[in-house]
Amino acid sequence: MPLTALALLMMATPAAAEPGTGTLWLDGEAYAMEVTSCGQDSETANATVRREEGSGVSVMLQRWPGMHALSVVYDNGQWVHRGPEDSEDAPRLRRWVEDGVLNASGTVAMFPPIREETMEVRFEGRCPG
């Protein structure tokens, strides 16, 4: 594997990401994000980015007792995937309290359901230091 490819692979790995940074993939399109908060008690994490045309993209991960939620604000709408903890209906959210590594994925849908659209979402990053 060429050195540049190895370096890129390491940068895409959450454990190798700089504290306070992350990457959000929406239907395969990647956005470099700033991780703005990682709650230890509330288990809520947030990340944002300002796109070139000026609009913003944000992601919120929530691990409540009994419920997990993955929420994305994108394209003038809110997209959500939530479900009972540890069920097939819940998004996959890795617990970050111990090591600060964020990792989440799921299929989000427009909320409220005014359009029947979905997006595949993946987020990886590290909590701010």
Side-chain angles (χ1 to χ4, degrees):
M1 177 180 297
L3 184 56
T4 21
L6 179 59
L8 288 172
L9 180 62
M10 288 177 64
M11 288 174 48
T13 306
E18 291 292 319
T21 65
T23 303
L24 174 68
W25 289 269
L26 300 176
D27 281 341
E29 185 176 349
Y31 295 92
M33 306 285 284
E34 175 189 2
V35 177
T36 54
S37 67
C38 286
Q40 300 296 309
D41 296 328
S42 67
E43 289 201 67
T44 299
N46 297 287
T48 61
V49 68
R50 190 65 57 206
R51 292 172 33 190
E52 289 179 17
E53 73 276 1
S55 65
V57 177
S58 66
V59 62
M60 181 186 300
L61 315 177
Q62 298 169 305
R63 290 180 50 92
W64 300 314
M67 179 70 74
H68 288 176
L70 170 60
S71 175
V72 175
V73 174
Y74 170 78
D75 193 25
N76 295 320
Q78 182 175 12
W79 303 73
V80 176
H81 180 168
R82 63 179 167 219
E85 181 178 13
D86 301 327
S87 76
E88 293 291 320
D89 295 329
R92 190 181 58 74
L93 296 178
R94 182 185 183 284
R95 186 176 167 91
W96 60 83
V97 172
E98 290 83 19
D99 61 8
V101 175
L102 300 167
N103 193 315
S105 63
T107 302
V108 294
M110 180 63 84
F111 182 82
I114 56 175
R115 298 191 307 240
E116 299 230 2
E117 295 180 45
T118 61
M119 285 193 297
E120 291 299 316
V121 173
R122 190 175 93 213
F123 180 75
E124 297 177 356
R126 289 190 59 94
C127 293

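Just so it is clear, the structure is predicted and the values come from calculations on it, not from any experiment.
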Short N-O contact, Arg95 and Glu43, less than 4.0 angstrom: yes
Distance in Å, Ser105 OG paired with His81 NE2, rounded so as to fall on 0.5 Å steps: 9.0 Å
Exercise: identify the closest heavy-atom pair between Asp89 and Pro84: CB-CD, 4.2 Å
Note, Arg63 side chain near Trp96 side chain (heavy atom, < 4.5 Å): yes
Trp79 (side chain) donor-acceptor with Tyr74 (main chain) under 3.5 angstrom: yes
Cys38 side chain reached by Pro128 side chain, heavy atoms, under 4.5 Å: yes
Worked verdict on Thr23 versus Glu124 for side-chain hydrogen bond (donor to acceptor under 3.5 Å, both in side chains): CA-CA 5 Å; Thr23 303; Glu124 297 177 356; over 6 Å; no
Intermediate values then yes/no, side chain to side chain contact (heavy atoms under 4.5 Å, CB included), Val121 and Leu24: CA-CA 7 Å; Val121 173; Leu24 174 68; 3.7 Å; yes
Single-linkage hydrophobic cluster Leu93~Val59, side-chain heavy atoms < 4.5 angstrom: yes
Donor-acceptor under 3.5 Å (Asp99 side chain, Val101 main chain): yes
For Gly83 against Ala90, the heavy-atom pair lying closest together: O-CB, 3.7 Å
Pairwise distance CG(Asn76) to OG(Ser55) - rounded to 0.5 angstrom: 7.5 Å
Same apolar cluster: Met119 and Met110, side chain cutoff 4.5 Å: yes
Main-chain N/O of Glu18 paired to Thr21 side chain as donor or acceptor, under 3.5 Å: yes
Inter-residue atom distance Tyr31.OH - Phe123.CZ, 0.5 Å rounding: 14.0 Å
Single-linkage hydrophobic cluster Val108~Val49, side-chain heavy atoms < 4.5 angstrom: yes
Step-by-step side chain to side chain contact (heavy atoms under 4.5 Å, CB included) determination, Val73 to Val57: CA-CA 6 Å; Val73 174; Val57 177; over 6 Å; no
Separation of Arg92 CZ from Arg122 CZ (nearest 0.5 Å): 9.0 Å
Sub-4.5 Å side-chain heavy-atom contact between Thr107 and Thr118: yes
Close side-chain approach of Leu102 and Arg94, heavy atoms under 4.5 Å: no
CD (Glu53) with more than 12 external heavy atoms under 6.0 Å: yes
Reported OG1-to-CH2 distance for the pair Thr44 and Trp64, which is rounded to 0.5 angstrom: 7.0 Å
CA sep, side-chain torsions, deciding dist, call: Ser71, Gln62, side-chain hydrogen bond (donor to acceptor under 3.5 Å, both in side chains): CA-CA 8 Å; Ser71 175; Gln62 298 169 305; over 6 Å; no
Close side-chain approach of Arg82 to Phe111, heavy-atom, < 4.5 Å: yes
Test log, rule side-chain hydrogen bond (donor to acceptor under 3.5 Å, both in side chains), inputs Asn46 and Thr36: CA-CA 6 Å; Asn46 297 287; Thr36 54; 5.0 Å; no
Spacing of CD belonging to Glu120 relative to CD belonging to Glu29, to within rounding of 0.5 Å: 14.5 Å
Side-chain touch Leu26/Val72, heavy atoms, less than 4.5 angstrom: yes
Minimum-distance pair of heavy atoms, taken over all atoms of Glu85 and Pro65: OE1-C, 4.0 Å
Glu98 atom CD, over 12 foreign heavy atoms within 6.0 Å: yes
